[in-house]
Amino acid sequence: MAAAESPSAALRRRDLCSRGIRLAGKMRADVVDLLDAYVEQQGLDASASVAAMEGVPLAAVERWDEQTGTQRLLENLAAYRAFRALLAQMLEEQREQLGEADAGLGRALAAVLLQVSAFAYHLEELLRLESRGIPGEEEEDGPPPPPRLSLFEQKLRGLGVLRELAQWAVRSVRDLRQLAKPSPATGTAPGLAESP
Amino acid sequence: EMYMQYERVGADVTMKCGSMDWDAAVTWTANGTDINESHLNGSYLILKNVDLSQSGHYSCYEGSSWHLKYQTYLRVGTPPKEPVLMCRSNNYPKGFYCSWHLPTPTYIPNVFNISVIHGTKEMVCEKDAVPKNRCHIRYLQLFSTVKYKVTLTVTNALGKNFTTLTFDEFAIVKPDPPESVVAKPVPNNPRRLEVSWQNPSSWPDPESFPLKFFLRYRPLILDQWQHVELSDGTSHTITDAYAGKEYIIQVAAKDNDIGTWSDWSVAVHATPWTEEPKHLTTEAQITETTSASTSSFMAPPTTKICDKGAVVGSGAVAVCWTAGLVVAAYSVLFI
(Lines give C-alpha, C1' and ligand atoms only; values in the text may rest on other atoms or scores of the structure.)
Protein backbone atom coordinates (compact mmCIF):
# COMPACT_ATOMS: atom_id res chain seq x y z
CA MET A 1 0.00 0.00 0.00
CA ALA A 2 1.43 3.40 -0.92
CA ALA A 3 2.41 5.83 1.78
CA ALA A 4 0.17 8.77 2.61
CA GLU A 5 0.65 11.87 0.46
CA SER A 6 2.87 14.63 1.85
CA PRO A 7 1.16 17.95 2.61
CA SER A 8 3.11 19.72 -0.13
CA ALA A 9 2.15 17.07 -2.68
CA ALA A 10 -1.47 17.37 -1.60
CA LEU A 11 -1.33 21.14 -2.03
CA ARG A 12 0.34 20.81 -5.43
CA ARG A 13 -2.30 18.29 -6.50
CA ARG A 14 -5.13 20.56 -5.39
CA ASP A 15 -3.52 23.48 -7.17
CA LEU A 16 -3.09 21.49 -10.38
CA CYS A 17 -6.68 20.28 -10.14
CA SER A 18 -8.02 23.82 -9.63
CA ARG A 19 -6.07 25.12 -12.59
CA GLY A 20 -7.11 22.12 -14.64
CA ILE A 21 -10.75 22.78 -13.80
CA ARG A 22 -10.40 26.35 -15.01
CA LEU A 23 -8.64 25.22 -18.18
CA ALA A 24 -11.31 22.64 -18.92
CA GLY A 25 -14.08 25.15 -18.24
CA LYS A 26 -12.61 27.67 -20.65
CA MET A 27 -11.95 24.93 -23.20
CA ARG A 28 -15.55 23.79 -23.03
CA ALA A 29 -16.91 27.29 -23.56
CA ASP A 30 -14.66 27.72 -26.62
CA VAL A 31 -15.57 24.30 -28.01
CA VAL A 32 -19.28 25.08 -27.69
CA ASP A 33 -18.77 28.34 -29.61
CA LEU A 34 -16.66 26.52 -32.19
CA LEU A 35 -19.34 23.85 -32.55
CA ASP A 36 -21.97 26.48 -33.36
CA ALA A 37 -19.70 28.11 -35.92
CA TYR A 38 -18.72 24.77 -37.42
CA VAL A 39 -22.32 23.62 -37.85
CA GLU A 40 -23.22 26.86 -39.57
CA GLN A 41 -20.15 27.06 -41.74
CA GLN A 42 -20.36 23.44 -42.84
CA GLY A 43 -24.09 23.63 -43.56
CA LEU A 44 -24.94 20.86 -41.10
CA ASP A 45 -28.07 20.25 -39.05
CA ALA A 46 -27.20 20.93 -35.40
CA SER A 47 -29.57 18.20 -34.23
CA ALA A 48 -28.21 15.53 -36.59
CA SER A 49 -27.20 12.32 -34.86
CA VAL A 50 -23.69 11.21 -35.60
CA ALA A 51 -22.79 7.58 -35.10
CA ALA A 52 -19.70 6.80 -33.08
CA MET A 53 -16.67 7.04 -35.37
CA GLU A 54 -13.50 5.09 -35.16
CA GLY A 55 -10.75 6.93 -33.38
CA VAL A 56 -13.01 9.51 -31.71
CA PRO A 57 -12.81 8.96 -27.95
CA LEU A 58 -16.25 8.67 -26.38
CA ALA A 59 -16.82 10.58 -23.17
CA ALA A 60 -19.63 8.24 -22.13
CA VAL A 61 -18.66 6.05 -19.19
CA GLU A 62 -20.42 3.56 -16.95
CA ARG A 63 -19.91 3.57 -13.18
CA TRP A 64 -18.08 6.88 -13.39
CA ASP A 65 -18.31 7.34 -9.63
CA GLU A 66 -16.42 4.08 -9.04
CA GLN A 67 -13.36 5.06 -11.08
CA THR A 68 -10.04 5.46 -9.33
CA GLY A 69 -8.00 8.63 -9.65
CA THR A 70 -5.47 6.87 -11.85
CA GLN A 71 -8.16 5.61 -14.19
CA ARG A 72 -9.55 9.09 -14.50
CA LEU A 73 -6.20 10.62 -15.37
CA LEU A 74 -5.21 7.90 -17.82
CA GLU A 75 -8.53 7.95 -19.65
CA ASN A 76 -8.48 11.74 -19.84
CA LEU A 77 -4.92 11.77 -21.13
CA ALA A 78 -5.65 9.17 -23.80
CA ALA A 79 -8.69 11.14 -24.92
CA TYR A 80 -6.98 14.51 -25.18
CA ARG A 81 -4.03 13.05 -27.05
CA ALA A 82 -6.49 11.59 -29.54
CA PHE A 83 -8.30 14.93 -29.82
CA ARG A 84 -5.00 16.67 -30.44
CA ALA A 85 -4.42 14.47 -33.51
CA LEU A 86 -8.05 14.73 -34.66
CA LEU A 87 -8.15 18.51 -34.39
CA ALA A 88 -4.84 18.80 -36.26
CA GLN A 89 -6.35 16.67 -39.00
CA MET A 90 -9.51 18.80 -39.06
CA LEU A 91 -7.40 21.94 -39.35
CA GLU A 92 -5.54 20.47 -42.31
CA GLU A 93 -8.78 19.42 -43.99
CA GLN A 94 -10.23 22.86 -43.35
CA ARG A 95 -7.30 24.53 -45.05
CA GLU A 96 -7.56 22.16 -48.02
CA GLN A 97 -11.30 22.69 -48.36
CA LEU A 98 -11.54 26.40 -47.95
CA GLY A 99 -8.05 27.83 -48.11
CA GLU A 100 -8.36 31.28 -46.64
CA ALA A 101 -12.10 31.49 -47.24
CA ASP A 102 -12.94 30.98 -43.59
CA ALA A 103 -9.87 31.98 -41.64
CA GLY A 104 -12.03 32.65 -38.58
CA LEU A 105 -13.06 29.01 -38.25
CA GLY A 106 -9.47 27.93 -38.83
CA ARG A 107 -8.25 30.26 -36.10
CA ALA A 108 -10.92 29.01 -33.70
CA LEU A 109 -9.92 25.42 -34.45
CA ALA A 110 -6.28 26.25 -33.87
CA ALA A 111 -7.09 27.96 -30.56
CA VAL A 112 -8.99 24.92 -29.32
CA LEU A 113 -6.16 22.65 -30.49
CA LEU A 114 -3.77 24.72 -28.39
CA GLN A 115 -5.98 24.37 -25.35
CA VAL A 116 -6.31 20.63 -25.86
CA SER A 117 -2.52 20.32 -26.04
CA ALA A 118 -2.13 22.43 -22.90
CA PHE A 119 -4.67 20.34 -21.07
CA ALA A 120 -2.97 17.10 -22.10
CA TYR A 121 0.28 18.47 -20.72
CA HIS A 122 -1.52 19.44 -17.52
CA LEU A 123 -2.77 15.88 -17.14
CA GLU A 124 0.77 14.61 -17.60
CA GLU A 125 1.83 16.89 -14.74
CA LEU A 126 -0.83 15.37 -12.52
CA LEU A 127 0.30 11.88 -13.43
CA ARG A 128 3.92 12.79 -12.67
CA LEU A 129 2.80 14.04 -9.26
CA GLU A 130 1.23 10.70 -8.70
CA SER A 131 4.63 9.13 -9.48
CA ARG A 132 2.95 7.23 -12.22
CA GLY A 133 4.69 6.60 -15.50
CA ILE A 134 3.21 8.58 -18.33
CA PRO A 135 2.07 6.22 -21.08
CA GLY A 136 3.85 6.77 -24.39
CA GLU A 137 1.86 7.99 -27.31
CA GLU A 138 1.03 5.45 -29.99
CA GLU A 139 2.85 6.48 -33.12
CA GLU A 140 4.41 3.57 -34.94
CA ASP A 141 2.41 0.79 -33.30
CA GLY A 142 -1.04 2.17 -34.03
CA PRO A 143 -3.40 0.79 -36.69
CA PRO A 144 -2.91 1.97 -40.30
CA PRO A 145 -4.67 5.26 -41.07
CA PRO A 146 -8.28 4.81 -42.28
CA PRO A 147 -9.09 5.43 -45.95
CA ARG A 148 -9.59 9.08 -46.84
CA LEU A 149 -13.10 10.26 -46.11
CA SER A 150 -15.39 12.04 -48.53
CA LEU A 151 -16.04 15.73 -47.93
CA PHE A 152 -19.41 15.01 -46.32
CA GLU A 153 -17.91 12.29 -44.11
CA GLN A 154 -15.20 14.72 -43.05
CA LYS A 155 -17.81 17.25 -42.03
CA LEU A 156 -19.80 14.69 -40.04
CA ARG A 157 -16.67 13.44 -38.38
CA GLY A 158 -15.73 16.97 -37.43
CA LEU A 159 -19.16 17.39 -35.86
CA GLY A 160 -18.68 14.16 -33.92
CA VAL A 161 -15.21 15.20 -32.77
CA LEU A 162 -16.35 18.57 -31.46
CA ARG A 163 -19.40 17.14 -29.73
CA GLU A 164 -17.36 14.50 -27.93
CA LEU A 165 -14.73 17.06 -27.02
CA ALA A 166 -17.41 19.26 -25.44
CA GLN A 167 -18.60 16.29 -23.38
CA TRP A 168 -15.05 15.41 -22.41
CA ALA A 169 -14.45 18.93 -21.18
CA VAL A 170 -17.39 18.59 -18.79
CA ARG A 171 -16.26 15.13 -17.73
CA SER A 172 -12.73 16.40 -17.10
CA VAL A 173 -14.03 19.12 -14.78
CA ARG A 174 -15.91 16.47 -12.82
CA ASP A 175 -12.92 14.11 -12.81
CA LEU A 176 -10.59 16.81 -11.51
CA ARG A 177 -13.04 17.73 -8.76
CA GLN A 178 -13.04 14.11 -7.66
CA LEU A 179 -9.25 14.11 -7.73
CA ALA A 180 -9.08 17.32 -5.71
CA LYS A 181 -11.12 15.80 -2.89
CA PRO A 182 -8.94 14.75 0.02
CA SER A 183 -9.51 11.26 1.34
CA PRO A 184 -10.85 11.64 4.91
CA ALA A 185 -8.77 8.82 6.47
CA THR A 186 -5.37 9.08 4.88
CA GLY A 187 -5.35 12.59 3.45
CA THR A 188 -4.66 11.22 -0.02
CA ALA A 189 -6.79 11.79 -3.07
CA PRO A 190 -9.45 9.13 -3.55
CA GLY A 191 -8.20 6.30 -5.70
CA LEU A 192 -4.62 7.54 -5.88
CA ALA A 193 -3.26 5.58 -2.90
CA GLU A 194 -2.79 2.35 -4.81
CA SER A 195 -0.04 -0.13 -5.31
CA PRO A 196 1.64 0.24 -8.68
CA GLU B 1 -73.87 -10.18 -14.80
CA MET B 2 -72.88 -6.53 -14.84
CA TYR B 3 -71.46 -5.21 -18.08
CA MET B 4 -69.28 -2.16 -18.53
CA GLN B 5 -69.81 0.10 -21.49
CA TYR B 6 -67.77 3.08 -22.64
CA GLU B 7 -69.17 5.63 -25.06
CA ARG B 8 -67.91 8.91 -26.46
CA VAL B 9 -69.49 12.21 -25.51
CA GLY B 10 -71.96 13.11 -28.23
CA ALA B 11 -72.45 9.55 -29.44
CA ASP B 12 -75.86 7.88 -29.93
CA VAL B 13 -76.09 4.79 -27.73
CA THR B 14 -78.44 1.84 -28.21
CA MET B 15 -78.78 -0.66 -25.37
CA LYS B 16 -80.37 -4.03 -25.93
CA CYS B 17 -82.17 -5.73 -23.11
CA GLY B 18 -80.02 -8.85 -23.15
CA SER B 19 -81.63 -11.60 -25.24
CA MET B 20 -85.14 -10.10 -25.12
CA ASP B 21 -86.91 -9.66 -28.45
CA TRP B 22 -87.32 -6.21 -29.85
CA ASP B 23 -91.05 -6.24 -29.24
CA ALA B 24 -90.85 -7.50 -25.65
CA ALA B 25 -92.34 -5.34 -22.94
CA VAL B 26 -89.52 -4.05 -20.72
CA THR B 27 -88.76 -1.34 -18.26
CA TRP B 28 -85.42 0.44 -18.21
CA THR B 29 -84.01 2.21 -15.18
CA ALA B 30 -81.08 4.56 -14.80
CA ASN B 31 -79.54 4.54 -11.34
CA GLY B 32 -82.76 3.01 -10.00
CA THR B 33 -85.10 5.53 -11.61
CA ASP B 34 -87.51 4.49 -14.36
CA ILE B 35 -86.67 5.83 -17.80
CA ASN B 36 -89.47 7.43 -19.83
CA GLU B 37 -90.81 5.25 -22.63
CA SER B 38 -90.01 8.04 -25.11
CA HIS B 39 -86.41 6.87 -24.95
CA LEU B 40 -87.36 3.35 -26.04
CA ASN B 41 -87.51 1.84 -29.46
CA GLY B 42 -89.29 -1.41 -28.74
CA SER B 43 -87.23 -2.96 -25.98
CA TYR B 44 -84.09 -1.04 -26.95
CA LEU B 45 -83.03 1.95 -24.97
CA ILE B 46 -81.88 4.82 -27.20
CA LEU B 47 -79.74 7.58 -25.76
CA LYS B 48 -78.95 10.29 -28.27
CA ASN B 49 -75.98 12.63 -28.09
CA VAL B 50 -74.89 11.34 -24.66
CA ASP B 51 -73.23 13.65 -22.20
CA LEU B 52 -71.21 13.06 -19.05
CA SER B 53 -74.25 13.29 -16.78
CA GLN B 54 -75.67 10.18 -18.41
CA SER B 55 -72.96 7.96 -17.02
CA GLY B 56 -74.48 5.49 -14.59
CA HIS B 57 -76.07 2.13 -13.90
CA TYR B 58 -78.66 1.04 -16.46
CA SER B 59 -80.94 -1.96 -15.88
CA CYS B 60 -83.61 -3.64 -17.96
CA TYR B 61 -86.51 -5.57 -16.40
CA GLU B 62 -89.01 -7.83 -18.08
CA GLY B 63 -92.35 -6.06 -18.11
CA SER B 64 -94.67 -8.33 -16.14
CA SER B 65 -92.32 -10.40 -14.00
CA TRP B 66 -89.95 -7.57 -13.21
CA HIS B 67 -87.07 -9.95 -13.65
CA LEU B 68 -83.74 -8.31 -14.20
CA LYS B 69 -82.71 -9.17 -17.73
CA TYR B 70 -79.72 -7.00 -18.33
CA GLN B 71 -77.61 -4.45 -16.56
CA THR B 72 -74.67 -2.35 -17.58
CA TYR B 73 -72.58 0.46 -16.24
CA LEU B 74 -72.33 3.21 -18.83
CA ARG B 75 -69.34 5.51 -18.70
CA VAL B 76 -69.37 8.45 -21.03
CA GLY B 77 -65.98 9.95 -21.83
CA THR B 78 -63.54 10.97 -24.53
CA PRO B 79 -60.52 9.39 -26.18
CA PRO B 80 -57.24 10.77 -24.83
CA LYS B 81 -55.65 13.88 -26.31
CA GLU B 82 -51.89 14.03 -26.78
CA PRO B 83 -50.42 13.73 -23.28
CA VAL B 84 -48.06 16.30 -21.79
CA LEU B 85 -44.70 14.76 -20.86
CA MET B 86 -41.82 16.30 -18.94
CA CYS B 87 -38.46 14.80 -17.99
CA ARG B 88 -36.01 16.35 -15.58
CA SER B 89 -32.95 15.51 -13.58
CA ASN B 90 -33.06 17.17 -10.17
CA ASN B 91 -30.67 14.62 -8.66
CA TYR B 92 -27.82 14.57 -11.19
CA PRO B 93 -25.80 12.42 -11.69
CA LYS B 94 -28.01 9.72 -10.17
CA GLY B 95 -30.78 9.76 -12.75
CA PHE B 96 -33.86 11.56 -13.97
CA TYR B 97 -37.61 11.34 -13.74
CA CYS B 98 -40.44 11.78 -16.20
CA SER B 99 -43.92 12.90 -15.30
CA TRP B 100 -47.02 13.30 -17.39
CA HIS B 101 -50.64 14.32 -17.46
CA LEU B 102 -53.48 14.73 -19.88
CA PRO B 103 -54.31 18.27 -20.97
CA THR B 104 -58.03 17.54 -20.58
CA PRO B 105 -59.74 14.78 -18.58
CA THR B 106 -61.26 11.79 -20.37
CA TYR B 107 -63.62 10.88 -17.48
CA ILE B 108 -62.83 7.20 -18.00
CA PRO B 109 -59.83 5.14 -16.88
CA ASN B 110 -56.57 5.61 -18.81
CA VAL B 111 -53.50 3.42 -18.96
CA PHE B 112 -50.07 5.02 -19.46
CA ASN B 113 -47.05 3.21 -20.85
CA ILE B 114 -43.65 4.75 -21.03
CA SER B 115 -40.59 3.60 -22.93
CA VAL B 116 -37.10 5.07 -22.63
CA ILE B 117 -34.47 4.33 -25.23
CA HIS B 118 -30.84 5.38 -25.11
CA GLY B 119 -29.19 4.56 -28.40
CA THR B 120 -30.17 0.97 -28.95
CA LYS B 121 -30.73 0.20 -25.31
CA GLU B 122 -34.18 0.11 -23.75
CA MET B 123 -34.14 1.37 -20.16
CA VAL B 124 -36.58 0.63 -17.38
CA CYS B 125 -38.50 3.56 -15.97
CA GLU B 126 -39.57 2.53 -12.48
CA LYS B 127 -42.97 3.88 -11.60
CA ASP B 128 -43.27 5.92 -8.44
CA ALA B 129 -45.98 4.94 -5.96
CA VAL B 130 -46.68 8.60 -5.36
CA PRO B 131 -47.39 10.45 -7.52
CA LYS B 132 -48.80 7.87 -9.88
CA ASN B 133 -47.98 9.72 -13.07
CA ARG B 134 -44.24 9.63 -12.62
CA CYS B 135 -41.38 7.22 -13.09
CA HIS B 136 -37.64 7.45 -12.57
CA ILE B 137 -34.55 6.12 -14.30
CA ARG B 138 -31.04 5.59 -13.08
CA TYR B 139 -28.27 6.73 -15.39
CA LEU B 140 -26.23 3.77 -16.56
CA GLN B 141 -23.79 6.04 -18.37
CA LEU B 142 -22.67 9.61 -17.85
CA PHE B 143 -21.34 12.16 -20.34
CA SER B 144 -22.98 10.45 -23.30
CA THR B 145 -23.68 12.41 -26.50
CA VAL B 146 -26.35 9.89 -27.46
CA LYS B 147 -29.81 11.30 -26.91
CA TYR B 148 -32.56 9.76 -24.80
CA LYS B 149 -35.90 9.12 -26.47
CA VAL B 150 -38.92 8.85 -24.20
CA THR B 151 -42.27 7.80 -25.62
CA LEU B 152 -45.44 7.96 -23.56
CA THR B 153 -48.56 6.19 -24.81
CA VAL B 154 -51.97 6.66 -23.24
CA THR B 155 -54.82 4.28 -23.98
CA ASN B 156 -58.44 4.09 -22.88
CA ALA B 157 -61.52 2.25 -24.09
CA LEU B 158 -62.24 4.98 -26.63
CA GLY B 159 -58.84 5.57 -28.18
CA LYS B 160 -55.12 6.03 -27.92
CA ASN B 161 -52.54 8.79 -28.18
CA PHE B 162 -48.84 9.32 -27.58
CA THR B 163 -46.04 11.83 -27.36
CA THR B 164 -42.27 11.60 -27.69
CA LEU B 165 -39.51 13.61 -26.04
CA THR B 166 -35.89 13.52 -27.19
CA PHE B 167 -33.13 15.13 -25.15
CA ASP B 168 -29.53 14.79 -24.15
CA GLU B 169 -28.23 14.13 -20.68
CA PHE B 170 -27.21 17.70 -19.85
CA ALA B 171 -30.25 19.51 -21.15
CA ILE B 172 -32.72 18.22 -18.56
CA VAL B 173 -30.59 18.91 -15.49
CA LYS B 174 -32.54 21.34 -13.31
CA PRO B 175 -32.05 21.31 -9.53
CA ASP B 176 -34.81 21.94 -7.04
CA PRO B 177 -34.80 25.45 -5.51
CA PRO B 178 -32.47 26.19 -2.59
CA GLU B 179 -33.91 25.43 0.85
CA SER B 180 -34.04 27.16 4.20
CA VAL B 181 -33.51 30.66 2.85
CA VAL B 182 -33.00 33.07 5.74
CA ALA B 183 -32.52 36.84 5.58
CA LYS B 184 -31.49 38.88 8.63
CA PRO B 185 -30.63 42.50 9.31
CA VAL B 186 -27.03 43.30 10.25
CA PRO B 187 -26.79 45.18 13.58
CA ASN B 188 -25.66 48.79 13.22
CA ASN B 189 -25.76 48.56 9.43
CA PRO B 190 -28.84 50.24 8.02
CA ARG B 191 -28.13 49.20 4.44
CA ARG B 192 -27.21 45.55 4.85
CA LEU B 193 -29.06 42.28 4.87
CA GLU B 194 -27.43 38.91 5.42
CA VAL B 195 -28.91 36.12 3.33
CA SER B 196 -28.13 32.42 3.71
CA TRP B 197 -29.57 29.22 2.24
CA GLN B 198 -28.88 25.54 1.77
CA ASN B 199 -28.41 23.28 -1.22
CA PRO B 200 -31.63 21.47 -2.19
CA SER B 201 -31.74 18.18 -0.30
CA SER B 202 -32.52 16.29 -3.52
CA TRP B 203 -29.11 17.21 -5.00
CA PRO B 204 -27.04 14.17 -4.04
CA ASP B 205 -23.42 15.34 -4.23
CA PRO B 206 -22.90 19.09 -4.08
CA GLU B 207 -19.19 18.64 -3.39
CA SER B 208 -18.50 16.87 -6.67
CA PHE B 209 -21.28 18.61 -8.56
CA PRO B 210 -21.34 22.07 -7.04
CA LEU B 211 -24.22 24.43 -7.58
CA LYS B 212 -24.07 28.10 -8.36
CA PHE B 213 -26.77 30.50 -7.22
CA PHE B 214 -28.73 33.49 -8.37
CA LEU B 215 -30.11 35.84 -5.77
CA ARG B 216 -32.77 38.44 -6.46
CA TYR B 217 -34.08 41.10 -4.10
CA ARG B 218 -36.17 44.24 -4.12
CA PRO B 219 -37.94 46.48 -1.64
CA LEU B 220 -41.64 45.72 -1.49
CA ILE B 221 -42.44 49.22 -2.68
CA LEU B 222 -40.57 48.77 -5.99
CA ASP B 223 -41.13 46.37 -8.89
CA GLN B 224 -37.59 46.11 -10.18
CA TRP B 225 -35.37 43.29 -8.93
CA GLN B 226 -31.67 43.49 -8.24
CA HIS B 227 -29.75 40.36 -9.24
CA VAL B 228 -26.53 38.80 -8.01
CA GLU B 229 -24.93 35.63 -9.38
CA LEU B 230 -22.78 33.70 -6.93
CA SER B 231 -20.42 30.98 -8.05
CA ASP B 232 -19.78 29.50 -4.64
CA GLY B 233 -20.93 29.65 -1.06
CA THR B 234 -24.43 29.59 0.35
CA SER B 235 -24.60 33.08 1.76
CA HIS B 236 -24.42 36.66 0.62
CA THR B 237 -24.59 40.10 2.20
CA ILE B 238 -26.70 42.70 0.45
CA THR B 239 -24.97 46.05 0.99
CA ASP B 240 -27.15 48.46 -0.95
CA ALA B 241 -30.52 48.01 0.69
CA TYR B 242 -32.65 51.11 1.23
CA ALA B 243 -32.66 51.94 4.90
CA GLY B 244 -35.81 51.04 6.73
CA LYS B 245 -37.51 49.37 3.77
CA GLU B 246 -38.86 45.84 3.85
CA TYR B 247 -37.27 43.58 1.25
CA ILE B 248 -38.37 40.43 -0.53
CA ILE B 249 -35.58 37.99 -1.39
CA GLN B 250 -35.37 34.76 -3.43
CA VAL B 251 -32.64 32.39 -4.54
CA ALA B 252 -32.31 29.96 -7.49
CA ALA B 253 -29.73 27.24 -8.15
CA LYS B 254 -28.02 25.69 -11.17
CA ASP B 255 -25.34 23.07 -11.67
CA ASN B 256 -22.07 24.90 -12.14
CA ASP B 257 -21.49 23.47 -15.61
CA ILE B 258 -24.68 22.13 -17.21
CA GLY B 259 -28.45 22.38 -17.34
CA THR B 260 -30.85 25.15 -16.42
CA TRP B 261 -31.75 27.27 -13.42
CA SER B 262 -34.10 25.98 -10.78
CA ASP B 263 -37.36 27.68 -9.97
CA TRP B 264 -37.10 30.50 -7.43
CA SER B 265 -37.06 29.54 -3.79
CA VAL B 266 -39.79 30.44 -1.37
CA ALA B 267 -39.59 34.23 -0.82
CA VAL B 268 -38.35 35.61 2.49
CA HIS B 269 -38.84 39.09 3.86
CA ALA B 270 -36.46 41.21 5.89
CA THR B 271 -35.89 44.84 6.83
CA PRO B 272 -32.41 46.30 7.41
CA TRP B 273 -31.42 47.39 10.92
CA THR B 274 -32.56 50.84 11.93
CA GLU B 275 -31.43 53.01 14.86
CA GLU B 276 -33.94 53.31 17.70
CA PRO B 277 -35.37 56.90 17.84
CA LYS B 278 -34.13 58.86 20.98
CA HIS B 279 -36.77 60.05 23.55
CA LEU B 280 -36.22 63.70 24.83
CA THR B 281 -36.76 63.16 28.58
CA THR B 282 -33.46 64.10 30.32
CA GLU B 283 -32.21 67.66 31.16
CA ALA B 284 -28.98 67.05 29.36
CA GLN B 285 -30.83 66.22 26.19
CA ILE B 286 -33.00 69.32 26.46
CA THR B 287 -29.88 71.47 27.03
CA GLU B 288 -28.17 69.92 24.09
CA THR B 289 -31.17 70.59 21.95
CA THR B 290 -31.35 74.22 23.10
CA SER B 291 -27.69 75.03 22.52
CA ALA B 292 -27.78 73.35 19.17
CA SER B 293 -30.73 75.43 18.05
CA THR B 294 -29.42 78.96 18.97
CA SER B 295 -28.00 80.98 16.12
CA SER B 296 -25.72 83.35 18.14
CA PHE B 297 -23.43 82.28 20.87
CA MET B 298 -24.77 82.48 24.38
CA ALA B 299 -22.75 80.87 27.11
CA PRO B 300 -24.91 78.40 28.99
CA PRO B 301 -24.94 78.77 32.79
CA THR B 302 -22.60 75.82 33.25
CA THR B 303 -20.08 76.92 30.73
CA LYS B 304 -16.75 77.60 32.36
CA ILE B 305 -14.74 80.71 31.55
CA CYS B 306 -11.54 78.75 31.50
CA ASP B 307 -10.86 75.90 29.20
CA LYS B 308 -8.38 73.32 30.35
CA GLY B 309 -5.76 74.42 27.84
CA ALA B 310 -5.88 78.09 28.80
CA VAL B 311 -4.74 77.61 32.45
CA VAL B 312 -1.42 79.20 33.44
CA GLY B 313 0.51 78.17 36.54
CA SER B 314 -0.53 75.43 38.91
CA GLY B 315 -1.99 74.69 42.31
CA ALA B 316 -3.51 77.57 44.36
CA VAL B 317 -2.27 80.29 42.04
CA ALA B 318 -3.44 78.73 38.83
CA VAL B 319 -5.37 81.23 36.75
CA CYS B 320 -6.55 81.19 33.17
CA TRP B 321 -5.67 83.77 30.57
CA THR B 322 -9.19 85.11 30.26
CA ALA B 323 -9.62 85.70 33.96
CA GLY B 324 -6.20 87.27 34.06
CA LEU B 325 -7.05 89.77 31.32
CA VAL B 326 -10.27 90.77 33.05
CA VAL B 327 -8.45 91.36 36.34
CA ALA B 328 -5.73 93.27 34.57
CA ALA B 329 -8.25 95.46 32.83
CA TYR B 330 -10.00 96.33 36.08
CA SER B 331 -6.67 96.98 37.72
CA VAL B 332 -5.71 99.49 35.06
CA LEU B 333 -9.07 101.19 35.45
CA PHE B 334 -8.68 101.72 39.16
CA ILE B 335 -5.02 102.79 39.13
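Within 6.0 Å of CD in E40(A) there are 12 or fewer heavy atoms belonging to other residues, nucleotides or ligands. Annotation: K81(B), atom NZ; neighbour count of heavy atoms from other residues, nucleotides and ligands within 6.0 Å does not exceed 12. Annotation: F167(B), atom CZ; neighbour count of heavy atoms from other residues, nucleotides and ligands within 6.0 Å is above 12. Within 6.0 Å of CD on E229(B) lie more than 12 heavy atoms contributed by other residues, nucleotides or ligands. For D240(B), the CG atom sits in a packed shell: over 12 heavy atoms of surrounding residues, nucleotides or ligands are nearer than 6.0 Å. Applying the 6.0 Å contact sphere to OH of Y97(B) captures more than 12 heavy atoms from other residues, nucleotides or ligands. Within a 6.0 Å radius of CG in D232(B), no more than 12 heavy atoms belonging to other residues, nucleotides or ligands are found. Applying the 6.0 Å contact sphere to CZ of R138(B) captures no more than 12 heavy atoms from other residues, nucleotides or ligands.
A salt bridge links D255(B) and R174(A); the closest N-O separation between the charged side-chain nitrogens and carboxylate oxygens is under 4.0 Å.
For a residue to count as touching a neighbouring chain, one of its non-hydrogen atoms must lie under 4.5 Å from one of that chain's; by this rule E169(B) does not touch chain A. Both the backbone and the side chain of V61(A) have a heavy atom closer than 4.5 Å to some heavy atom of chain B. If you measure heavy-atom distances from F170(B) to chain A, the contacts under 4.5 Å come from the side chain alone. With a 4.5 Å cut-off on non-hydrogen atoms, R28(A) touches chain B through its side chain but not through its backbone. Heavy atoms of D168(B) lying under 4.5 Å from chain A are absent altogether.
A distance of 10.5 Å separates CG of D175(A) from OG of S208(B), quoted to the nearest 0.5 Å. Once rounded to the nearest 0.5 Å, the distance linking CD of Q141(B) with CZ of R63(A) reads 11.5 Å.
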From CA spacing to verdict: side-chain contact (heavy atoms from CB on, under 4.5 Å), K94(B), D65(A):
CA-CA 10 Å; K94(B) 276 196 174 167; D65(A) 53 332; over 6 Å; no

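Ring centroids of Y92(B) and W64(A) are separated by 6.0 Å or more, keeping the two rings apart.
No side-chain heavy atom of E62(A) sits less than 4.5 Å from a side-chain heavy atom of L142(B). Side-chain contact between R177(A) and P210(B): present, with at least one pair of heavy atoms (C-beta onward) separated by less than 4.5 Å.
For chain A, the option among F209(B), Y139(B), F143(B) with the highest count of heavy-atom pairs below 4.5 Å is F143(B). With respect to chain A, the highest number of heavy-atom pairs below 4.5 Å among N256(B), I258(B), D257(B), L140(B) belongs to D257(B).
Side-chain contact of Q167(A) with T145(B): a donor-acceptor pair under 3.5 Å is absent, judged by distance alone.
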